[in-house]
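Heads up: the structure comes next, in structure tokens.
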Amino acid sequence: MSGEVLIHTETSNDVAVAARDLVKWFGRLKVLDGLSIIIPRGTTYCLLGPNGSGKTTFIRAIVGLIRLEGGEMEVLGRPVSRVREIVSRIGYMTQHKALYPDLTLQENMEFYAGLYGIKGARRRARIDELLDMVDLEDHRRRLAGDLSGGMYQRLSLACILIHDPDLLLLDEPTVGIDPRLRKTFWEYFKSLTEGGATVLITTHLMDEAEKCRIVGYMRAGRLEAEGSPEEIKRLAGLRPSLRLWVDDSRATADLLVSKGFDVIEDGDALDVFLDSFAKAGTVLDLAQPRDLKLVEPTLEEAFLRLSDDGRPR
């Protein structure tokens, strides 16, 4: 469904990242193929897409770590060529290990604080707050190199949050994190966006993508679909349905079809697809089921359908 993208109308003051027609080659492989995307300020934006779709390359381009062969991009109101001027307002958590293994947790955080000129009582308070948030307060004297994968991820997040960035770039940040702490992280991300910060995240966890205000689906270096999680499901051709258990499935199915509903028979049960929840009452009045179940499509189903052929069926 190339080109079917929901267009935002925010002014430049309301935009964290604005990219148009980005092109990036790695040898003969075109990783970004005319990518255009707008990420509003003060929102959680999730990038979904198959491996190799260009998500990480796009994030690296935002912070100027790669040179683009084409296109234009602004980050927090600056051309990407001048991103160094605003690096102190960006937090970037990569998929690669970026901490010092021979320093303790405390020392790693002090190092990052020093990079941004955070000193004295403010530094101590910020380190205490973040170590508590990632549940590592009792491990501050351990070496980073001795941490498990999940603990390392938690420390990485704490370090990149030390300077309270306006734009947070998170490349699969919750890999190896237990569900309780993931919930804590997302509560923190929500508080950041409520304060005006922007969170751009890549993830393969669909329950996390569901928490984001906007989801962008990338494929082969392009933005193929964009919208709220519900809009992405609709763009993928998915609809909620009612599963009904009825006494006469054939007669009930014929009645519903005659009224314009899409129906699939499954034994004594019927799956009735809804264009809107407002029509559910009409279905129930017509079918008079003895039992029912509402089945809502998932973002994972949308992802699989879009990954299958890149367009809704």
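Note that the coordinates shown come from a computational prediction; the quantities given were computed from them, not determined experimentally.
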(request) Just do the side chain to side chain contact (heavy atoms under 4.5 Å, CB included) check on S36 and L223 with the steps written out, would you? (result) CA-CA 7 Å; S36 295; L223 187 68; over 6 Å; no
(request) Show your reasoning for whether ring pair (Phe, Tyr, Trp, His ring centres under 6.0 Å) applies to F111 and Y100. (result) CA-CA 10 Å; F111 173 78; Y100 290 93; 5.1 Å; yes
(request) I would like to know whether L200 and L47 meet side chain to side chain contact (heavy atoms under 4.5 Å, CB included); could you show each step before the answer? (result) CA-CA 7 Å; L200 172 60; L47 279 178; 4.0 Å; yes
(request) List the steps and the verdict of side chain to side chain contact (heavy atoms under 4.5 Å, CB included) for R41 and L76. (result) CA-CA 9 Å; R41 296 197 192 208; L76 298 178; 4.1 Å; yes
(request) List the steps, then state whether side chain to side chain contact (heavy atoms under 4.5 Å, CB included) holds for L48 with C46. (result) CA-CA 6 Å; L48 291 179; C46 178; 3.9 Å; yes
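Side chain of R154 to main chain of D135: a donor-acceptor pair is present (N/O by atom type, distance under 3.5 Å, no hydrogens or angles). A donor-acceptor pair is defined here as one N or O able to donate and one able to accept, closer than 3.5 Å; such a pair exists between the side chain of R219 and the backbone of S307.
Looking at E208 and K211, no side-chain N of the basic residue comes within less than 4.0 Å of a carboxylate O on the acidic one, giving no salt bridge. A salt bridge does not link D33 with K24: every distance from a Lys NZ or Arg NE/NH1/NH2 to an Asp or Glu carboxylate oxygen is 4.0 Å or more. Between D275 and K279, at least one side-chain nitrogen of the basic residue sits less than 4.0 Å from a carboxylate oxygen of the acidic one, meeting the salt-bridge criterion. The residues E300 and R305 are annotated as not salt-bridged, no charged nitrogen and carboxylate oxygen being separated by less than 4.0 angstrom.
In this model, a donor atom of one side chain and an acceptor atom of the other lie less than 3.5 Å apart for E226 and Y45. There is no side-chain donor-acceptor pair under 3.5 Å between T94 and D171.
Going from atom CG of D128 over to atom CZ of R126 covers 11.5 Å, rounded to the nearest 0.5 Å.
Note on Y92 and V83: same hydrophobic cluster, where clusters join Ile, Leu, Val, Met, Phe, Trp and Tyr whose side-chain heavy atoms are under 4.5 Å apart, directly or indirectly.
Between F273 and F261 the shortest side-chain heavy-atom distance does not fall below 4.5 Å.
At most 12 heavy atoms of other shown residues, nucleotides or ligands fall within 6.0 angstrom of atom CZ in R122.
Closest heavy-atom contact between Y152 and A98: OH-N, 3.2 Å.
Aromatic ring orientation, F189 versus F185: tilted (interplanar angle from 30° to 60°).
Evaluation of the side-chain hydrogen bond (donor to acceptor under 3.5 Å, both in side chains) rule for D268 yields R290 as partners, not counting sequence neighbours. A19 pairs by the side-chain contact (heavy atoms from CB on, under 4.5 Å) definition with L22, I37, F58, M73, not counting sequence neighbours.
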